[in-house]
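Below: one structure, written as structure tokens.
Since the model is a prediction, treat every value here as computed from it, not as a measurement.
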Amino acid sequence: METFPKIISVDDHTVEPPNVWRDRLPSAYRDIGPRIVRAPLKEMTFLGGKFAPVMGAKGDDGPIGDWWVYEDLHRPLTRLDTAVGYDRDEIRLEVITYEQMRPGSYDVPARLADMDMNHVQSALCFPTFPRFCGQTFTEAKDRELGLLSVRAYNDWMVEEWCGPQARGRLIPLTLIPLWDAELAAAEVRRNAARGVRAVAFSEIPPHLGLPSIHTDDWDPFLAACDETGTVIAMHIGSSSRMPSTSPDAPPAVGSTITFANCCFSMVDWLMSGKFERFPNLKIMYAEGQIGWIPYILERADVVWEENRGWGGVADKVHRPPSELFRDHVYGCFFDDAFGLRNLDAVGVGNVLYETDYPHSDSTWPKSREVGESQMGHLEGDVVERIVRGNAIGLLGLTPEGLWPGA
């Protein structure tokens, strides 16, 4: 194609700078809230979809890394958090320090420079230490500190990461206190009042010990999103349980089937009745890819048509699931040639592009080349919608693709 549109990536990541919480928590919490400690690694495994690091004591043998410490949690920075710039065969499961990562992972000017290198105009970024929907704070014992930490992260996201120096090119994605739907609703409205139009949520809340979306428990949160036009963004792994097949399955198994939780989640939403109760709701699946979607929609429609009488959905799902998908759901991809060959079955208006910077799966710095290769058979206006147009409409960006609240 003659020109490839400037990319609006709906799934990148930020590695939070060390001072995010120390600068924003009340003084009584600064030394017990999230903070960075440099320490050796004692051991670390990643099997069966479970990540298990153990921090050593000062003076112990082992590679040195920067660790987030918060209550009983010790979570290291790893090469998988920020892998861009390294050869694929050099990327290992290892601890690192801030000095060993690409500055664009945590520094706004450096991030914008790396976006320029990758033909990216704007980007929506998921968190690292809080995990993809803030489950770190949900699992903590001190709820008051957890709520303050959620709010501190959101203030940093809006005021600094997406602040004036980002010039509208970084799009805010905020967190909620998942343990309380009323508090979650209040946080959605607080951030919507300053222009935020996306909030992170879990793909499968029961995996976090939380109610499913088939209950009414989440209705205050969903109502707030419906009223404010806030998109519910769900990233693979946001249920703290990556798909796997056995406790000893290597990470490659889970990496191949990462879309599975999105698949399960989407069927949950389509069969929940929530889209009819909250008609303005929009949800998106970050890093879920899109090639699996057509069959799931076909099967869901058959089940709804043939089995809704005994399937528990006749009284709440009054339209075919594929129609609900068209009006409410967005699939996000960074490398899915098969999905693009079957785009008509997914829907041009339901697809968003991403680069996954700075993770190991990222197409940086060749996201444009990947897009040109996989979208070369599509008309220019279709490519424009996938690469940026759909994101502009969904996230309330300016016609130029910038966040208007910067």
Side-chain angles (χ1 to χ4, degrees), residues 1-12 84 88 114-124 171 231 233-236 255-260 262-263 266 270 282-301 320-357 359-395 397 399-401:
M1 56 191 70
E2 294 183 5
T3 59
F4 192 78
K6 277 295 189 75
I7 297 166
I8 296 178
S9 174
V10 297
D11 171 31
D12 285 356
V84 291
R88 298 285 183 179
D114 279 355
M115 289 164 62
D116 289 339
M117 290 177 61
N118 199 32
H119 200 65
V120 173
Q121 178 188 349
S122 306
L124 181 86
I171 306 161
V231 180
M234 293 170 282
H235 195 286
I236 58 166
S255 184
T256 302
I257 57 175
T258 52
F259 71 92
C262 298
C263 172
M266 190 178 81
L270 293 176
K282 307 285 186 183
I283 67 173
M284 55 172 270
Y285 288 103
E287 208 172 325
Q289 312 302 340
I290 60 174
W292 53 272
I293 292 175
Y295 172 72
I296 293 300
L297 294 180
E298 178 182 284
R299 176 60 183 164
D301 277 359
S322 60
E323 289 187 15
L324 296 172
F325 172 87
R326 182 192 62 206
D327 293 340
H328 299 276
V329 185
Y330 293 78
C332 311
F333 78 99
F334 58 81
D335 185 1
D336 191 342
F338 178 83
L340 288 166
R341 289 196 300 271
N342 295 275
L343 185 61
D344 288 346
V346 180
V348 172
N350 298 87
V351 173
L352 304 167
Y353 199 42
E354 59 185 47
T355 78
D356 197 30
Y357 178 105
H359 284 184
S360 59
D361 265 341
S362 178
T363 51
W364 186 94
K366 298 181 178 180
S367 300
R368 174 180 181 169
E369 289 84 347
V370 171
E372 288 176 329
S373 171
Q374 296 188 354
M375 300 183 210
H377 64 291
L378 300 174
E379 295 294 330
D381 62 329
V382 173
V383 176
E384 175 79 18
R385 290 185 67 183
I386 294 171
V387 174
R388 57 184 292 111
N390 290 338
I392 288 173
L394 180 66
L395 299 171
L397 307 180
E400 296 76 27

Under 3.5 Å, side chain of D336 to main-chain N/O of Q289, donor-acceptor pair present?
-> no
Can you check whether G371's main-chain N or O pairs, donor with acceptor, with Y353's side chain at less than 3.5 Å?
-> yes
Are I293 and V329 close enough that some pair of their side-chain heavy atoms sits under 4.5 Å apart?
-> no
Hey, does F333 have a side-chain heavy atom less than 4.5 Å from the side chain of I386?
-> yes
Aromatic ring centroids of Y285 and Y330 under 6.0 Å?
-> no
Taking side chain as C-beta onward, heavy atoms only, is I283 less than 4.5 Å from V231?
-> no
Donor-acceptor contact below 3.5 Å, side chain N118 vs main chain S367 | yes
Just say parallel, tilted or perpendicular for the rings of W292 and F259, cut-offs at 30° and 60°.
-> parallel
Does any donor atom in the side chain of D356 or T363 lie under 3.5 Å from an acceptor atom in the other side chain?
-> no
When rounded to the nearest 0.5 angstrom, what is the spacing between NZ in K6 and CD in E400?
-> 13.0 Å
Test item: E287 side-chain N/O and D11 main-chain N/O as donor-acceptor pair under 3.5 Å | no
Would you indicate whether the side-chain heavy atoms of R388 and L397 approach each other to under 4.5 Å?
-> no
